Amino acid sequence: MALSLPGIASLAALLFTWASVEQSGERLQIAEQGQVTGRFNAAVGSLASPAVDVRLGGIYGLERLMRDSPPDQPTIVSLLTAYVREHARGRVAGSADAHPAADVQGAMTVLANRDPARDGRGDFNLRGVRLHHLGYMGMWDRARQRVIGINFPEADFTSADLSDADLEHARLTGAGMAGTALQEATLNEAQLADADLTHADLARSQIRRADLRRIQAAGAHFDDTNLNGSEMEDADLQRASLVRASLPGAILRGADLRQADLRDADFTGADLTGADFTGAKNLSTANFDRTVRKDTRGLPA
């Protein structure tokens, strides 16, 4: 027993040390959680300030918190989208030249550059917001030496006003944009595959080399729109208006253009393999020079 006492003492000391470390870790974790809560409350409090610079500070404080504490991102996403909905409804009514306020643009920029993989159950509802002349929100990736587009996959922009918005390189895969106003918007090289653009207005927009595969765009307006080189495979364009639309080199394999208005549309060099033009209007005025027409329906020989 005498010989075993030093060993027992060492074991007791080791257990005591382990318990102390465990308690210190728990205290540190509690302190960190308290810090996060304090930062969150301070940022949210700033959003109610009458001073725009204070509100911007709160918005960027939430951005930093979203990066430092990923589990809080769903809550912050829901909070910022609610902020935009509250502050961008009717704000530009009656003024075609009005731009989003600095705080709204800031909130949209923070949302645009987040990591969507951490959204969880965050509520990305931007239905009916008015964001005329929304500024560019992409970022320059120094490592890859290219522009990274904004991240709004599966966002809900139903009936929103994004006319003249700069959404170049945007990732809007599967986004809900039915009835959305996108006149004169810039969507070059944007990813819009599987997006719902039913009855959306994209007149006079720039949508060059964009991914528009499988979009639902029945009844949408593409009048005077530049769609050069865009991928529109299996797109639903029934009853869509493509008056004077520019589509040279576009890929429309399997697209549905039944009853679409094609007056003066330019399809030069487009791939129309398997596309359906049955009942399309004003075919005689459209330009189909050098198009690929294998298994295409509804076009004259």
Side-chain angles (χ1 to χ4, degrees), residues 43 56 58-85 87-88 100 102-131 133-178 180 182 185-197 200 202 205-216 230-231:
L56 276 170
I59 288 166
Y60 291 120
L62 288 171
E63 178 185 34
R64 180 63 182 268
L65 184 58
M66 189 161 51
R67 292 177 181 174
D68 293 346
S69 180
D72 291 308
Q73 178 162 316
T75 301
I76 294 171
V77 165
S78 298
L79 177 63
L80 289 177
T81 51
Y83 184 87
V84 173
R85 287 198 307 273
H87 290 77
D103 53 340
V104 172
Q105 176 74 51
M108 289 297 294
T109 300
V110 169
L111 288 169
N113 293 296
R114 79 203 187 288
D115 181 359
R118 297 174 175 175
D119 281 352
R121 296 180 178 273
D123 180 17
F124 214 118
N125 174 11
L126 290 166
R127 283 173 167 254
V129 295
R130 290 179 174 270
L131 296 169
H133 302 287
L134 185 67
Y136 187 63
M137 297 170 287
M139 296 179 68
W140 177 253
D141 187 339
R142 292 183 180 179
R144 301 179 185 178
Q145 290 295 297
R146 66 180 180 85
V147 173
I148 300 177
I150 63 175
N151 280 305
F152 287 135
E154 300 184 6
D156 189 352
F157 285 100
T158 302
S159 299
D161 188 345
L162 297 169
S163 53
D164 201 45
D166 191 342
L167 300 169
E168 193 160 14
H169 304 287
R171 279 171 271 185
L172 290 156
T173 306
M177 306 180 83
T180 300
L182 287 155
T186 301
L187 288 152
N188 296 326
E189 299 186 32
Q191 298 176 24
L192 285 153
D194 301 303
D196 183 1
L197 290 160
L202 298 105
S205 292
Q206 296 294 318
I207 318 179
R208 300 190 304 273
R209 299 181 300 279
D211 183 357
L212 300 167
R213 291 173 296 167
R214 301 177 301 279
I215 60 168
Q216 301 296 312
S230 288
E231 294 186 48

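Everything numeric here is computed off the predicted structure, so don't read it as measured data.
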Test side chain to side chain donor-acceptor pair (under 3.5 Å) applied to [X] - qualifying residues, sequence neighbours left out:
| X | result |
| --- | --- |
| T186 | none |
| N188 | none |
| E63 | R67 |

Rounded at 0.5 Å granularity, tell me how far [atom1] in [X] sits from [atom2] in [Y].
| X | Y | atom1 | atom2 | result |
| --- | --- | --- | --- | --- |
| H133 | D161 | NE2 | CG | 9.5 Å |
| D72 | L79 | CG | CG | 11.5 Å |
| Y60 | L65 | OH | CG | 16.0 Å |
| M108 | L80 | CE | CG | 10.5 Å |
| L134 | T109 | CG | OG1 | 7.0 Å |
| L131 | Q105 | CG | CD | 8.5 Å |

Sequence neighbours left out, what passes salt bridge (Lys or Arg N to Asp or Glu O under 4.0 Å) with [X]? Give chain and number order.
| X | result |
| --- | --- |
| D68 | R39, R64 |
| D211 | R213 |
| R127 | D156 |
| D164 | none |

Is there side-chain contact between [X] and [Y], with at least one heavy-atom pair below 4.5 Å?
| X | Y | result |
| --- | --- | --- |
| I76 | V110 | no |
| D119 | P74 | no |
| Q206 | L187 | no |
| M66 | V77 | yes |

**OP:** Test side chain to side chain contact (heavy atoms under 4.5 Å, CB included) on H87 and D103 and set out the steps.
**Re:** CA-CA 9 Å; H87 290 77; D103 53 340; 4.2 Å; yes
**OP:** Name all residues meeting the side chain to side chain contact (heavy atoms under 4.5 Å, CB included) criterion together with S205; count only those two or more places apart in sequence or in a different chain, and write none if there are none.
**Re:**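 Testing S205 for side chain to side chain contact (heavy atoms under 4.5 Å, CB included), a comparison that skips the adjacent residues, returns A185, L202, I207, T225.
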Subject >> S78 backbone acceptor or donor facing T81 side chain under 3.5 Å >> reply: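 Yes, T81 side chain to S78 backbone: donor-acceptor pair under 3.5 Å.
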Original post:
Any donor and acceptor pair, going by atom type alone, linking the side chain of Q73 with main-chain N or O of D115 inside 3.5 Å?
Top reply: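 Side chain of Q73 to backbone of D115: a pair is present.
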**OP:** May I have all residue pairs that pass salt bridge (Lys or Arg N to Asp or Glu O under 4.0 Å) and include part of residues 186-195, sequence neighbours excluded?
**Re:**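 Those involving residues 186-195 are E189-R209, D194-R214.
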For the student: nearest non-hydrogen atoms of [X] and [Y], plus distance:
| X | Y | value |
| --- | --- | --- |
| L172 | A195 | O-CB, 4.0 Å |
| S159 | T180 | N-OG1, 3.7 Å |
| S230 | R208 | OG-C, 3.8 Å |

Subject >> M177 and its side-chain contact (heavy atoms from CB on, under 4.5 Å) partner, picked from D196, T158, L192, I215 >> reply: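 Testing M177 for a side-chain contact (heavy atoms from CB on, under 4.5 Å) against D196, T158, L192, I215 leaves exactly one candidate, L192.
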**OP:** Under the ring-ring contact (aromatic ring centres under 6.0 Å, His included) rule, collect the residues that match up with F152, sequence neighbours excluded.
**Re:**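 Counting only residues at least two positions away or on another chain, F152 forms a ring-ring contact (aromatic ring centres under 6.0 Å, His included) with F124, F157.
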Original post:
Does the side chain to side chain contact (heavy atoms under 4.5 Å, CB included) test come out yes or no for N151 and R114, once each step is laid out?
Top reply: CA-CA 7 Å; N151 280 305; R114 79 203 187 288; 4.0 Å; yes
